[in-house]
Amino acid sequence: MTELLRLEKICKTFPGVIANDNVDLSIERGEIRALLGENGAGKTTLMNCVYGVYRPNSGKIFWKGKEVHIHRARDAIALGIGMVHQHFMLVPPLTVAENVILGLPSPREPLLELSKVEAQIRESGEKYRLLVDPKARIWQLPVGIQQRVEILKALYRKAELLILDEPTAVLTPGEVEELFVILRKLAEDGLAIIFISHKLEEVRAICEKVTVLRGGRVVDTVNACDTSARELAKMMVGREVFLKFDKPKIEPGEVVLSVKNLSARDNRDLPAVRGVSFEVRRHEILGIAGVDGNGQTELAEVIAGLREATGGTVSILGKDTTKKTPREIIAMNVAYIPPDRQHTGLLLDFSITENLVGKAFWKPDFSRSGFLSKKKLDLFADRAIREFDVRTPGAGLKAKLLSGGNQQKVVLARELSGNPDLVIASQPTRGLDIGATEYVHKQMLEARARGAAILFVSTELEEILSLSDRIAVMYEGQIMGIVPAQDADIHEIGEMMAGVRRLGEAVGSGEKMG
Amino acid sequence: MTDKPKTYIWQALLEKSFNILIPVFAILAAFLISGILIIAWGANPLEAYKALLAGAFGTPNAIATTMTRLSPLVFTGLAVSYGYRSGFFNIGAEGQFFLGALAATWVGITFTNLPGWVLIPLCALAAALAGAFLAVIPGLLKALRGFNEVLTTLLLNYVAIQYFEWALRIEHYRPDINVTWDDKPIKWTFLNWIGVKDVTQPFPQSPGIVEAAELPKLGTLLKTGLLNQLFGQAHWYEEFVANPAVNRMTLAPIIALVFVVIMYFVLFRMTVGFQARAVGVNPDAARFMGINVPRTIIITSLISGALAGLGGSIEVLGAQHRVIPNFLVNAGFDGIPVALIGQLHPAGVFLSALFFGALRAGANKMQILTQVPISVVYVIQALAILFAIAGALLDLQSKIKIARLAKQTEAAGEQPVAEKEVSGA
Amino acid sequence: QPAPAPQPEKVVETVVVEKQVEVEKVVEKTVVVEKEKEDPMAALNGMKMAGVLSGPVNDGGWNTNAYKALVNLRDKYGLEIAYTEHTKVEDAAQVMRDYADSGYQIIFAHGYEYADQVKQVAQEYPDLKFIQTNGSEANIPNLYTVTFAAGEGGYIIGYTAGLTTKANKVHWVVGTEFPLMTYELEESARGCKASNPSCEVTWSFVGSWNDPAKAKELAKAALDNGNDVIIGCADAGDVGSVEAVKEFAQGEKYVRFISWVADRNYMAPDLVLGGWQQDVPVEIENIVRMIAEGKPGGHFSLDMTTGSHYMNPFYGLIPVENEQKVVDLINKYLADPKSVDIKVRYDL
Amino acid sequence: MLEQIVAVILSVELYTAVVRMTTPLLLAALGSILAERSGVVTFSMEAMMLLGAVGAIIGSGLTGSAWLGLCVAMLFGALVGLIYAVWAVSIGANQIVTSVALNLGALGLSSILYVMTFAPAKGEVIEQVIQVPSLPAWKIPLLGDIPVIGTVFFNQIPIVYFGYLLIPIIWFILYKTTWGLKVRAVGEHPHAADTVGISVAGVRYISVVISGIMSGLAGAFLSIGMLNTFQEGMSAGRGFIAYTAIVFGKWEPLGVALGTVLFGAADALQLRLQAMNLAIPYQFMVAFPYLVTFITLVVFVGKAVWPASYGMPFQREGK
Ligand SMILES: Nc1ncnc2c1ncn2[C@@H]1O[C@H](COP(=O)(O)OP(=O)(O)OP(=O)(O)O)[C@@H](O)[C@H]1O
Ligand SMILES: Nc1ncnc2c1ncn2[C@@H]1O[C@H](COP(=O)(O)OP(=O)(O)OP(=O)(O)O)[C@@H](O)[C@H]1O
Ligand SMILES: [Mg+2]
Ligand SMILES: [Mg+2]
């Protein structure tokens, strides 16, 4: 096997952050290399340097033994490097074929020639089981397929090295399997593949060698097979990690949230939630497991009043809130932590203070007859910042200048400081490093102890298992089953997530509508 | 704990000052380039600029003019900036301004026997309503049907201005004169009431508004007011008050200033502004925070339109006292650069309005003294805007803020949050 | 070779807006003739005069006329002149003050829109002289507002048009609408009936004074409607109307354009009649003369007898006998205004 | 009154007028679709038109050839486009404000150039309207002889025919060429375009310059196409109308063309009706086309889906 890519002493800094710190890396033809590291470890940044999106501040890149200077993506592509980004780089309104040839000269310049491309796409589709309709428009395709398009894009550009940035984050267990098959085929054909992830099991399943990054530095490169998940986790985080921790036992109290036969549609106006029913009580955390895009997000939004229900009812503390406005529901002391803090959780251009009171500024304790009382705001902000330990030089700072973890802390502070009766937490740990994740968990447990009812939506099975009192699994908008956490079996749940199995007290999980 | 390093205050001040400094430098650059043009025309740029400056601030007269020019621009600027900050890009300030002027005039020539303290607010109110009315149509369309406001406000400008032109040609009922024209008596129609034309004049223009409706002059105020009690005897005071320029200056600029303060509070110290800015920054996040986005947009359009309308009334009540065709053209469109060069901050708007007003006042003097044609002045104005907007863009403030933040976080010994929590788990 | 239109000798006479018009005329005439002897205009030499214009000085119409008036005075009497273009109404007052402060003795605001401003400034500077065209202010001693008497031009041009048209359809293309204009239009209709009872006069408005493209479209529309005479009164727009006429003429069709305000013949020598001349230079010269003679300000409405507006040459574009008819009409009118039913209005 | 209106609507001349009124809008709007699709707001067409108009006069006046006039017009338009691109693309300034500034500057610059070229002597004034050689109408051999259609569509000056062709041309570029694909990608997802090695700035520069050239041509149509002279501010807001037409047509060549035709038709109709001396105030007539556009927009067209990166400057972070 011959060396394809070698990185020497790559350094990349961003204002206030050292994203990569003297990183060395060497990849050979036909190998599948895992790049492991928690959020912010610098994986994406490193690969962006290789792909020419960023320019490293220092360090050398060797391609097939020769030193190369990659100034822009074009150079990388020319060399034969292909990258599938964490956030897909596809143009939604364009067709698959158009996306695949985007930026390439066509045989009949200046004219487009899609027919040939489409043929080729089908061909390699056959070869690597990457089946897509070349004429379909991207926005019509589910993410799994979009990922295939990205891979096809790279292959069409004669990539010899394929970089996949957290490819499995958006896939169902089934889809992950298919992806692995594809990757193995590609590797057999001599392609080198860099597989970025922070999911230990996957890494061990597909890669022979694993390079672990932490805080921008390479910790070590080890053989996947003779390293245990536990050890990898340790390298990754730099300390012992307790994947499962015991939570105090508390008896559930009165019913706070009761959802009956609820259904709703998503932004593309397709049915997303289909006849869901469940209850959450005080001192109880109901975990909603499921692969992204199976209606969990929509469910949470409906309960928060942000999305209208097409059927069924939601009632909080006995009052029917199905038709209530978001603010009315907020007024009922309901907290909602949205899944995407950057776009819906925070106003990044607003100061921390303004964000902290974003949901309560209109309440009498912050404003009188339309006038905000700056004194009260500042008082509240300082207290919240102290209580939730937000790391910032000042409350007047714009939220966008905070690190991800601290941004999430601001959201938590906003939502939890009012001792809510109901907490709807939709993927509150997404994109957070383990420390911050644990912090969120701690907050959830405290809220639970204070007597809140908590609806905890997450795609990470581990945290669901460790946190919930009961677990409901959603698949295609329905609840496949609700099981008590203690006697939950991870494989059963996996199967329910994949929709191949339903069990437990799946209360009226609307067969009639399904 | 949030410990502020002691340097923070002056740093913050420095950072803020860039908001003003950069546009200033940009404008100097613009004048440098314009200089070439002026030379090409065969005039001496230094003299030209001297004239410009003199025309803007040189004499009491000049200052008075600058102040009168500035007032309506402050309002249109505020209108645009409030809308823009709140996600409603109001290109229609022009039309709203004209309708406002029309409404104010109509009230000012119709309710002729009301006292000033009733009539002036009434005129302003009418103007605000007229402006708001024109703006709320696009507002509703955007809020309820998702139409882009740039297009709709733009189109409505033309309609509004043509209506204005037409109203100036429809005779208006005047109790004090017999309403016949060329010995044809004027029919009593609804038109007589929405029209504002001066029946006594062979040209399209409205009658002057009644004395009572005119904004009080600074001079007269000083003569009467309590100030006179204080300095009444003082010689310099006598002189000052006697100065024709002082007598010509009205309350308009002061009212404008008041509205700057009001709008600052509305934007940053009131729930209305909070919601509006939230919607402007990110409607989705705003909605998730429980803010009713459509309602906010509609309210925003109303406020923005009302401000533009008020601008019209200020010009009528304060300066021209009547409307005629081509009355203060472009005050509305100028509001756009005024707002954006002013960094969308009320104070900034006032400063850039001052700049525009001065440019307008000085430009004429420049023409008179150095016979530089108006077209050259237009180019200079354009260059000034271009450079100012480009300058405002190098947002040193936040750049420096980030840099300092980096240092401070290191200084504060920001270690990965992890370590702290481990013990807890 | 064009027949020369009658051009009365230029003498001043002012007509105050009142019933007993004739009486005054007689008086005035005699007075003036005496004054002609020792020329007061000499005093003007070296005086500074400034013009305040509403638009571009090179619009070939309204503002160019004002410029010509200034140049005329400079060349004849050695005044020192200056002007400001594109003076917005709201700026006018300050512009005039600036002129006043920088030593200009006569300030000339060209347009009705400056009425308020000129009034105000005139009172601020009582010892300077102010002229305003198309103004109506009559009782400020140092403010001279001047208009062309309305009706004469309209009637005579209408009369001419009646004799020019073959299709018996005449159409005006006008910049914007205002009563003075409306009156001329109505008079032209009467004049037309007088020369050609079966002819009808219509008009339309461009909506602006400098949009040739639209003016052209209006003219085209009119011609397509069967009009064969276009009367153009749209300043910069006229060039558009003339274009339309030219294009129409290419189809070997009979068509004529009659100028209003200024002679447009140079634009299409074989189609454009000189039409009606509103001679701003003469108009302003008349006023300046009064100033020189120390006459007090007021409102002055100048009619044909002052020579400030008159008929331009026909360039032989209508039959000689028709030309003669118009000439006769004018002579008859000048000889005895009552003999022709031209309704002159001095109050517009 | 009604039958008069009907008469106008049935007259052939109306439709020739419609073509004339539409052409400048069509040229500018269609020429700017590419720029708009690449994510740049072309609110600056007014400026480009104005300089095109004066450029045409200068070129035609100095060389005596209307064709060279056209070239100069396009050159001037392109230059404005270039300046605009520097601000909108490289500097990343707010595009509407930049446009407002350019439109103001163009008003002044165009008249400076006009006077400097045609004033009898330096500092003197142009007293008589300048007239220069204008473009002659070309009758298309066979098509021109078709009874009504011929007179309406195929008896016009060459620029008009170019306008017709522009509809398919722009459509073809947009959907059938690699470059069109780049334009669409850049407008919808500049980052994606960037990662496959497309120069976002490059694409936008070119599109904006094209918009400048076409708007310049539109200006030339006003000055030496429809007429043979120049007037200060003779574009008279047509640039803004072209802009509304683009949004109106939802950035689709055919839709945009329809938008311009709608406005052109309304405008021609009101001018024709005025000549009939109807008892309608002409201010209403002047406002009529804008009203029609507004109402059609609200009632029939509905909300537009903007190019995702519309009006947003693009820069890579981390560089
Ligand atoms: N464009 C940027 N500007 C500023 N900081 C950045 C930028 N991109 C990344 N960073 C910072 O650099 C560090 C590494 O980021 P990077 O995205 O490479 O981590 P990662 O390993 O990819 O994390 P994830 O698992 O979330 O993808 C983080 O602290 C991040 O905040
Ligand atoms: N020139 C400006 N441009 C844009 N936003 C501004 C500007 N000045 C203040 N703001 C915003 O207005 C809000 C209140 O402004 P104010 O000046 O009262 O507080 P501040 O703390 O000084 O603002 P900043 O956060 O800019 O320091 C803050 O969100 C601030 O970000
Ligand atoms: Mg990453
Ligand atoms: Mg501050």
Side-chain angles (χ1 to χ4, degrees), chain B residues 37 40-42 80 84 89 91 137-138 141-142 145-148 150-152 154-170 191 330 333-341 371 373-394, chain D residues 41 43 47 83-84 86-87 90-94 96-116 122-123 232 237 240-241 243-244 246-248 281-295 297-298 301-306 310-311 313:
Chain B
L37 190 69
W41 191 266
V80 175
Y84 194 94
F89 197 171
I91 303 285
I137 302 169
L141 286 171
K142 183 190 175 80
R145 299 269 310 275
F147 284 100
N148 176 284
V150 173
L151 198 49
T152 44
L154 180 65
L155 280 170
L156 284 179
N157 276 336
Y158 297 94
V159 180
I161 289 168
Q162 284 311 317
Y163 167 74
F164 175 90
E165 289 280 320
W166 173 73
L168 282 176
R169 288 164 169 82
I170 299 298
L191 297 192
N330 277 344
F333 286 122
D334 290 346
I336 298 167
V338 166
L340 279 122
I341 291 174
Q371 288 296 310
I374 188 81
S375 10
V376 174
V377 176
Y378 286 156
V379 177
I380 296 177
Q381 279 172 326
L383 285 168
I385 299 173
L386 284 178
F387 278 76
I389 198 76
L393 216 80
L394 357 140
Chain D
V41 186
F43 208 66
I83 297 170
Y84 184 48
V86 171
W87 253 258
S90 302
I91 298 180
N94 176 298
I96 300 242
V97 179
T98 309
S99 303
V100 171
L102 283 180
N103 296 341
L104 177 65
L107 185 62
L109 191 57
S110 57
S111 100
I112 292 174
L113 293 171
Y114 177 64
V115 173
M116 280 184 165
K122 195 157 180 9
E232 269 188 32
F240 300 129
I241 304 311
Y243 176 76
T244 58
I246 294 176
V247 184
F248 185 97
Y282 79 88
Q283 293 84 6
F284 173 80
M285 290 295 199
V286 178
F288 177 69
Y290 301 94
L291 269 173
V292 171
T293 316
F294 183 81
I295 291 164
L297 179 80
V298 172
V301 181
K303 67 182 280 188
V305 186
W306 302 69
Y310 195 65

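Order of the sequence lines fixes the chain letters, A, B, ..., with proteins taken first and strands second; residue numbering starts at 1 for each chain. Remember, predicted model here, so these are calculated numbers, not experimental data.
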Contact class of Pro373(B) relative to chain D, heavy atoms under 4.5 angstrom: neither
Distance in Å, Tyr378(B) OH paired with Ile374(B) CD1, rounded so as to fall on 0.5 Å steps: 5.0 Å
Beyond-backbone contact of Val159(B) with Phe294(D), side-chain heavy atoms, under 4.5 angstrom: no
Between Tyr158(B) and Phe240(D), ring centroids under 6.0 Å: no
Interchain contact, Ile91(B) with chain D, by part (heavy-atom threshold 4.5 Å): side chain
Largest heavy-atom contact set with chain D, pairs under 4.5 Å, which of Ile336(B), Ile161(B), Thr152(B): Thr152(B)
Option in Phe333(B), Tyr163(B), Phe89(B) with maximal non-hydrogen atom pairs under 4.5 Å from chain D: Phe89(B)
Part of Leu155(B) lying under 4.5 Å from any heavy atom of chain D: both
Contact class of Phe288(D) relative to chain B, heavy atoms under 4.5 angstrom: neither
Sequence-distant partners of Val301(D), side chain to side chain contact (heavy atoms under 4.5 Å, CB included), two or more places apart: Phe248(D), Lys250(D), Leu297(D)
Side chain, backbone, both or neither of Val150(B) within contact of chain D (heavy atoms, under 4.5 Å): side chain
Under the side chain to side chain donor-acceptor pair (under 3.5 Å) test, residues paired with Thr244(D) that sit two or more places apart: none
Which portion of Leu141(B) sits near chain D, non-hydrogen atoms under 4.5 angstrom: side chain
Chain D contacts, top residue of Gly42(B), Ala384(B), Ser375(B), Ala382(B) (heavy-atom pairs, under 4.5 Å): Ser375(B)
Pairs of heavy atoms under 4.5 Å with chain B: top-ranked of Asn103(D), Ile96(D), Ile241(D): Ile96(D)
pair Leu156(B)-Pro138(B): side-chain heavy atoms closer than 4.5 Å: yes
Residue part contacting chain D, namely of Ile137(B), when any heavy atom lies under 4.5 Å: side chain
Any side-chain donor near an acceptor of the partner, Thr98(D) and Tyr84(D), under 3.5 Å: no
Pair Tyr84(B), Asn94(D): side-chain N/O donor-acceptor within cut-off below 3.5 Å: yes
